[in-house]
Every structure is written in C-alpha cells, then in structure tokens.
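In the text below, chain A, chain B and the rest are named by the order of the sequence lines, each starting its count at 1. Side chains included, hydrogens not; waters and symmetry mates left out as well; all remaining heavy atoms used.
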Amino acid sequence: MPRIPAPPLPKALRPTPKRPGESNGEVTQYPAPLDAGVTVVDWLDERTQLSGGLRWLLFRKVPRGINWAYTLGSATLFAFLNQAVTGVFLAMYYRPDASGGAYESIRHINDDVFLGQLVHAMHKWGASVMIILIFLHMGRVFFYGAYKYPRELTWVIGVVLLILTLAMGFTGYLLPFDQRAYWASVVGININAGGPFIGPFLSNFLLGGADFGATTLSRFYSIHMLLIPGLMAALIGLHLYLVTKLGISAPPWLKPDRAHDGHHDLEEAEV
Amino acid sequence: MPDRHRETKSKYTLDRGIPGAFEGETVTRRRLMVLGANGVGAVAAAAFTLPALGFAIAPIFKREAWTWQAIGTPADFTQAIYQTKVITITPGIGEAGNTIAYVRQRNPAIDTEPEDQYNHWVALSDRCMHLGCPVRYVQAAERFICPCHGGVYDFRGMVAGGPPVRPLDRFYTRLNPNTNLVEIGPRYSVNSELQRFNPRFPGEPLDGIGQFLYPSTFDTSKRP
C-alpha cells in the first residue's frame, strides 16, 4: 500500500543536522525555550496520539490547479464559528420575554453594554454573510461537479446544513422582537402552515399553541441556540471528515495526465 | 432444494460445542449480553427522549378554552360603520398578545349568512388571509386593505382582490344578558359562502378540496 509521505515539519521544530567537527556520539541539545514547548507537546501527544490525526486533517495533498473558490467552505465554517461565539455571548444578556423584556434586553445590549452594538452587529451581519457564503460554496461545488462519486454523501450533508442554516436565519429573525421581527415571523409561520396536511401542525408546533403566545419566543430561542447549532456542529464534523477522507476534487478543466499513468499530479500544499 | 454441501449448524449451543452450554440453550451468553445491554440502553434513552418530545409537541394537542371579552354596549355599534376594538387573544404577554377586531351590527339587507345567537354583531379579524399581516379598514373605500401584498376585502370581508384565499376570519359575538354588554369570543374561519369552520391559518383555502388539505388542528376551541 502506498504511503503518504510525512509532511514537512516547520523549520523551528526540525532537529539541526550535524555540523562538521561535531562529535558523533553526543545527543543534540535543543535550545531551552524550544525544549519546554516540545516537551509539553510530546507529553500531550504521547497520551492523546492526536498529532497523526491533525496531520491527516491539516497536511493533505490537494490536486493541481485549485484556486480561491476552494476556500468558500472554510469561509462558511468561519462564519459559523463567528455566529457561535458572538451568539454565546449575546445569550448572556438576552432575555426571551415576549411581554417586552426581549426588546428591552436587545436595546440594553445595543445602548449600554460595552461593545454590545459591535457584537450584536457581528451576529446580525454575520448571519447574512454566512447565508451568502454557503450559497457560493454550494455553487462552486455544483459548477465544478465536485458532488459526483464518491462525494455524494458530502453533498447531501451539505444540503442539510444549508437547510439548517436557513432555519437558523428564520428562528433568529424573531429574537429582537421588534415590529419587523414579529410580523416577519408571523408571515413565515403562516407560510409554513401552507403545506398540505402537515403544515398546520408544524405551525402549531412552532407557535406552541394556536396563536402567537408567551412560549413562541422562548421556543424559537431554544431552537435557535440549542437544537439547530448542536445538529449543525455534528454535521459539520461529518462533512469535514468526508472532505478529508475523500480528498478534494480536481477542477473540471484539469485533464488527466497520461504521462503519469492517468493519475492527477498531486501537489503538496497546506489547506 | 436445500444445499447439501452446506454444513447445517444446530440451534442448540450444546451441540455446537460452546463451552459451558446448558441443556436446551439456544442463545449464547455473549449474544444475550449484547441484546440485553443494547435493550437496556434503548430503554434508558427512551426514558428521557420520549417525555421530552411529548413536552415539546404538547401544544399541538392542547385545547383552548372559550373566553368572552366585553367590547361595548349594543348602542355602540351601527350597521354602516366598523368600530375598531383591541382585544386580547393571548393573555400575559402584553401588546404582543393583542389583536384588532372590526365590529359592526349585522345588516340583514347585505349579510346573507343565516342568523343565529353568535352573529348579531359581525366581528372581523384584522388578520389577512394571505399570510397574516394586519389589514386596515378604509372607510372611504369601504374596503379592508393589506399593506404586505395588496390583499383587498369588501365591506363584508369577502375577497375583492389580491392573493387572499378566503374571506377574513370572524369572531363569535353575543349579548351577555346579565351585563347587557356585547361580548366577543373565539375566532372562526369561513369559506367563500361564509360557512363556519374551526380556525385555520392564513393562506389555507376552505373551498372545495381546501378544507381536507388543511385539516382543523387539535388545539382549537370546539365550535358550537
């Protein structure tokens, strides 16, 4: 079985080669500050055996001819991480109280809390950025034909992630609880109800009753910050596993290189 | 025809020569342990998943009680002009639980639906039957107009134009004989002949096949 050659270690971690005149029997001493860091990393790695997995994940061979469009998936991932981090901290101040407390807590975040307006804006605009990026990423995969065998499951999981992202946008839209949030959610819930047979029950589930009530807001909040993010994190893990396991597809314009037995030339690169 | 070349294994563990087998035993202890451990795990998972799921979907099955709110004396309402009344459909959440009812006295000359004890006053919901935006009554045009997507309803709440799929929802009204006040009750939906149905969501037609495509949900008040 062919083996992937070990990726190059960063220069700082490579043992220095022997210089002429150095005695052969002595063990090379690392400089003291580097020594401590290497010892800690070695101690951890000896117990977790994680370095092989990290190399497998981070130092992969990628096909010749990849371009900036291949970074859209990572960009979407970072948009998700931005949403997760800002969302966790917004939750420290937010109150899902339909009788006025929700709007008041958002006003408090924007007007009183240090950097509150910035963190709120990062979450709000980051949501739009994530939706845009995820569609661009999907377009890249579609137009490059990267969803084909053996990457169909990666595509299917990606589509589920797209739907979950849209559900995040829908449930998050209600949380500021101003007029726009309220009426947009009412319209959205009523669009849900337009599905035959199951629609009315789905809307009842979302509303937590027959009409917009006290539990509707807390229901949306719980779905928005616990249910869907948990699902998304798990699916993103699976998505990334498949991307790493199956490798990245070559750009469609790259023809097989006959001189090398019909295999694409692989370049070593860090992705 | 059975495969003669295949060695048939006995179902008894004793015959298969498994160490420590009992007389008449067919399930190995290893297999029993695997099934038992998985089964116990499944029961434990169901023990917290099922109650949590039931807890989450319970509102679908909860039946709302009938409530009546006084909105004025009989003399307050005329046949030609709609009064705008703010009523509470969800108590406890302040303004988010309020809605508007447009109320007038029933006019036998134009209200062709059969009269009973619940419609001496016609009370229309302000919820547009396209997607649920609030409609506004324009007295000069005698029309209800929705700001979102241009739904228009005539004086009786029938669709006069735009995307709405059925006439405006209505509320039951009654005269309370004890207080002599007009009271407003639960909401109901109507089809284009103004027949009453349990309340439906906006955007769900009630004519023809619509009433079967969009069944009444469990959580609505039983209509009289």
Side-chain angles (χ1 to χ4, degrees), chain A residues 95-106 170-171 174-224 226-228 230-231, chain B residues 52-53 55-65 67 87-99 125-134 146-149 163-165 169 186-189 198-205 209-221:
Chain A
R95 258 184 310 142
D97 170 18
S99 58
Y103 179 81
E104 173 58 28
S105 67
I106 292 285
F170 176 63
T171 50
L174 176 65
L175 302 186
F177 215 59
D178 49 16
Q179 287 285 336
R180 180 169 53 182
Y182 178 87
W183 288 110
S185 298
V186 163
V187 166
I189 290 165
N190 288 329
I191 292 173
N192 261 314
F197 304 117
I198 195 88
F201 301 98
L202 184 65
S203 284
N204 266 348
F205 170 75
L206 283 173
L207 286 169
D211 275 302
F212 198 100
T215 54
T216 310
L217 183 58
S218 44
R219 209 160 252 268
F220 270 55
Y221 186 45
S222 157
I223 293 173
H224 182 76
L226 297 170
L227 192 62
I228 300 182
L231 271 176
Chain B
L53 268 181
F55 177 76
I57 65 170
I60 296 179
F61 303 100
K62 190 181 145 206
R63 179 155 284 179
E64 302 288 325
T67 55
I87 59 169
T88 301
I89 47 172
T90 310
I93 57 169
E95 295 201 0
N98 290 348
T99 189
S125 162
D126 78 333
R127 195 167 68 153
C128 179
M129 285 303 116
H130 175 219
L131 288 173
C133 292
C146 180
C148 289
H149 310 104
V165 294
D169 279 354
R187 177 153 56 194
Y188 61 90
S189 295
N198 274 341
R200 302 297 208 276
F201 282 99
E204 301 178 352
I209 198 175
Q211 58 175 301
F212 305 110
L213 285 180
Y214 301 105
S216 171
T217 47
F218 304 117
D219 61 348
T220 49
S221 314

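- Proximity to chain A (any heavy atom under 4.5 Å) is shown, for B:P205, by neither the backbone nor the side chain.
- With chain A as the partner, the residue from B:A96, B:G203, B:A58 showing the most heavy-atom pairs under 4.5 Å is B:A96.
- For B:E95, the CD atom is loosely surrounded, since the number of other residues' heavy atoms within 6.0 Å does not exceed 12.
- Comparing B:P202, B:P91, B:G210 by how many heavy-atom pairs each has under 4.5 Å with chain A, the most go to B:P202.
- Interface residue B:A56: backbone and side-chain heavy atoms are both found under 4.5 Å from chain A.
- Proximity to chain B is limited to the side chain of A:Y182, based on heavy atoms less than 4.5 angstrom apart.
- Between the OG1 atom in B:T217 and the CG atom in A:N204 there is a gap of 4.5 Å [rounded to 0.5 Å].
- Contact of the A:W183 side chain with the B:L131 side chain is not registered, since no non-hydrogen atoms from C-beta on lie closer than 4.5 Å.
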When the side chains of residues 194-203 of chain A are checked against the rest of the protein, which donor-acceptor pairs come out under 3.5 Å, sequence neighbours left out?
from, atom 1, to, atom 2, distance (Å)
A:S203, OG, A:I189, O, 2.7
A:S203, OG, A:A193, N, 3.1

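- Distance check, rounded to the nearest 0.5 Å: CD1 of B:I93 to OG1 of A:T216 gives 7.0 Å.
- For chain B, no part of A:L217 is nearby; none of its heavy atoms comes within less than 4.5 Å.
- Residues A:T215 and B:P59 fail the side-chain proximity criterion, which asks for heavy atoms closer than 4.5 Å.
- Annotation: the span from B:H130 atom NE2 to A:I191 atom CD1 amounts to 7.5 Å, rounded to 0.5 Å.
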Is there a side-chain contact (heavy atoms from CB on, under 4.5 Å) between B:C133 and A:V186 once you walk through the steps?
CA-CA 8 Å; B:C133 292; A:V186 163; over 6 Å; no
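- Heavy atoms of B:I89 lying under 4.5 Å from chain A belong exclusively to its side chain.
- Distance check: A:F205 CZ to B:I60 CD1 gives 7.0 Å after rounding to the nearest 0.5 Å.
- When heavy atoms are compared at a cutoff of 4.5 Å, B:R200 does not approach chain A at all.
- Not a single donor-acceptor pair under 3.5 Å links the side chain of A:S99 to the backbone N or O of B:G94.
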Please test A:F212 against B:T99 for side-chain contact (heavy atoms from CB on, under 4.5 Å), starting from the C-alpha separation and ending with a verdict.
CA-CA 11 Å; A:F212 198 100; B:T99 189; over 6 Å; no
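- Inter-residue side-chain proximity for A:N190 and B:E204 is flagged as unmet; no heavy-atom pair is nearer than 4.5 Å.
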